[in-house]
Protein chains: 2
Amino acid sequence: MTKQKKVILDILRHTDSHPTADWIYAQARKVLPDISLGTVYRNLGVLKEAGEIMELNYGSTYSRYDGNPENHYHCVCLNCGRIIDLPMPVHYELEKEAANSGCSKILYHRLEFYGLCPDCQQKEEH
Amino acid sequence: MTKQKKVILDILRHTDSHPTADWIYAQARKVLPDISLGTVYRNLGVLKEAGEIMELNYGSTYSRYDGNPENHYHCVCLNCGRIIDLPMPVHYELEKEAANSGCSKILYHRLEFYGLCPDCQQKEEH
DNA sequence: GTAGTTGCAAACTTTTTGCTACCCA
DNA sequence: TGGGTAGCAAAAAGTTTGCAACTAC
């Protein structure tokens, strides 16, 4: 665990904003001004492999990262692009159903809802 | 509707392989040898906007396209990368639940299962 | 001491874009 | 004849990689 990796993990653990690699890089530079973008990507890859974080790619050309490795569901705002964690229970029974529909050996599933986040919804009402 | 757009839509409507832009380009060139990759991308974008097709990006650096614009669920094989359609019903009640958890104005949702496809599952057993 | 990691920069992949020419209603 | 597309090639955007120097243990 190098200090670079620690800083990156720290940043992800202390935000719920599902940031991009670039944003993480910018934050990390505030602590380690000489850190490089390559190192950020390398460590994000290592942390992902280790199951410490998750990589999300919901309808974008770039990835976002999630410091919470437990399965949980997301709301993706089609207006501002924000990704919000949803405090709803994970429906493992869906995996049984999918298995019966022809998907063998399911390890996990992902569920995202696309719409408007509360902020954008409110703005639209004005 | 130019002939290029028609060919691209035709290719997508007649496969269930969720192909990449590159694969579509290769197929299209068999019919229209002078078609360019830029045109493929442009038309995929237009068709997506028109709701004729869907763009999928499940854990890859590149997108795949789905000629079936109706919401349905997928099984992503972690071994061979294949994406399979699942003939299970769409659970719209999940959207109600998500709305109650803080996601306003939900337009649609996506659900994917990650695991092994029947082929890879079988190979693993040997 | 050394195995693994960094910073840097160049390379790579996928997708987008600018431009001129073309096609067809 | 003119508005919308195509083809081409160059550029953009995001990510990965090779390498010499450096770190952490």
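Quick note: numbers below take in every heavy atom, side chains included, and nothing from hydrogens, waters or symmetry partners. Below, chains carry the letters A, B, ... as their sequence lines are ordered, and counting in each starts from 1. The structure presented is a predicted model; accordingly, all values stated were derived computationally and were not measured.
Look at B:Gln4 and you'll find a side-chain N or O under 4.0 angstrom from OP1 or OP2 of D:dG7. The side chain of B:Ser63 contributes an N or O atom lying less than 4.0 Å from OP1 or OP2 of C:dT15. Look at A:Thr2 and you won't find any side-chain N or O under 4.0 angstrom from OP1 or OP2 of C:dG4. Of the side-chain N and O atoms in A:Ser36, none sit less than 4.0 angstrom from OP1 or OP2 of C:dA9.
When rounded to the nearest whole Å, the span between CD1 of A:Ile24 and P of D:dG14 equals 14 Å. Counting to the nearest Å, the P atom of D:dG14 and the CH2 atom of A:Trp23 are 17 Å from each other. A straight line from CE of A:Met1 to P of D:dT23 spans 19 Å, rounded to a whole angstrom. Nucleotide C:dC22 holds its P atom 18 Å from the CD1 atom of B:Ile35, rounded to whole Å. Rounded to an integer number of Å, the gap from A:Lys48 NZ to D:dT15 P is 10 Å. Nucleotide C:dC24 holds its C1' atom 15 Å from the NZ atom of B:Lys5, rounded to whole Å. Atom CZ of B:Arg64 and atom P of C:dT15 are 11 Å apart (whole Å). B:Lys6 has its NZ atom 23 Å from the P atom of D:dG4, to the nearest Å.
Relative orientation of the A:Tyr114 and B:Tyr108 rings is parallel, given thresholds of 30° and 60° on the angle between their planes.
For B:His74 and B:His18, the side-chain atoms include at least one donor-acceptor pair closer than 3.5 Å.
The nearest pair of heavy atoms linking B:Pro89 to B:Tyr73 is O-CE1, 3.6 Å. The heavy-atom pair separating B:Ile53 from B:Leu44 by the smallest distance is CD1-O, 3.6 Å.
Residues A:Leu37 and B:Asn43 each lie close to DNA chain D; by heavy-atom proximity, the contact nearer the 5' end of the strand is made by B:Asn43. If you find the closest nucleotide of DNA chain C to A:Leu32 and to B:Arg42, the one lying nearer the 5' end belongs to A:Leu32.
Residues B:Leu86 and A:Cys103 form a side-chain contact, since some pair of their non-hydrogen atoms from C-beta on lies under 4.5 Å apart.
For A:Asp34, counting side-chain heavy atoms from C-beta on, the closest listed nucleotide (C:dT17, C:dG7, D:dG14) is C:dG7. Relative to the side chain of B:Thr39, the nucleotides D:dA6, C:dT6, D:dG14 differ in distance, and D:dA6 lies closest.
If you check every strand for non-hydrogen atoms under 4.0 Å, B:Tyr62 touches sugar and phosphate atoms only.
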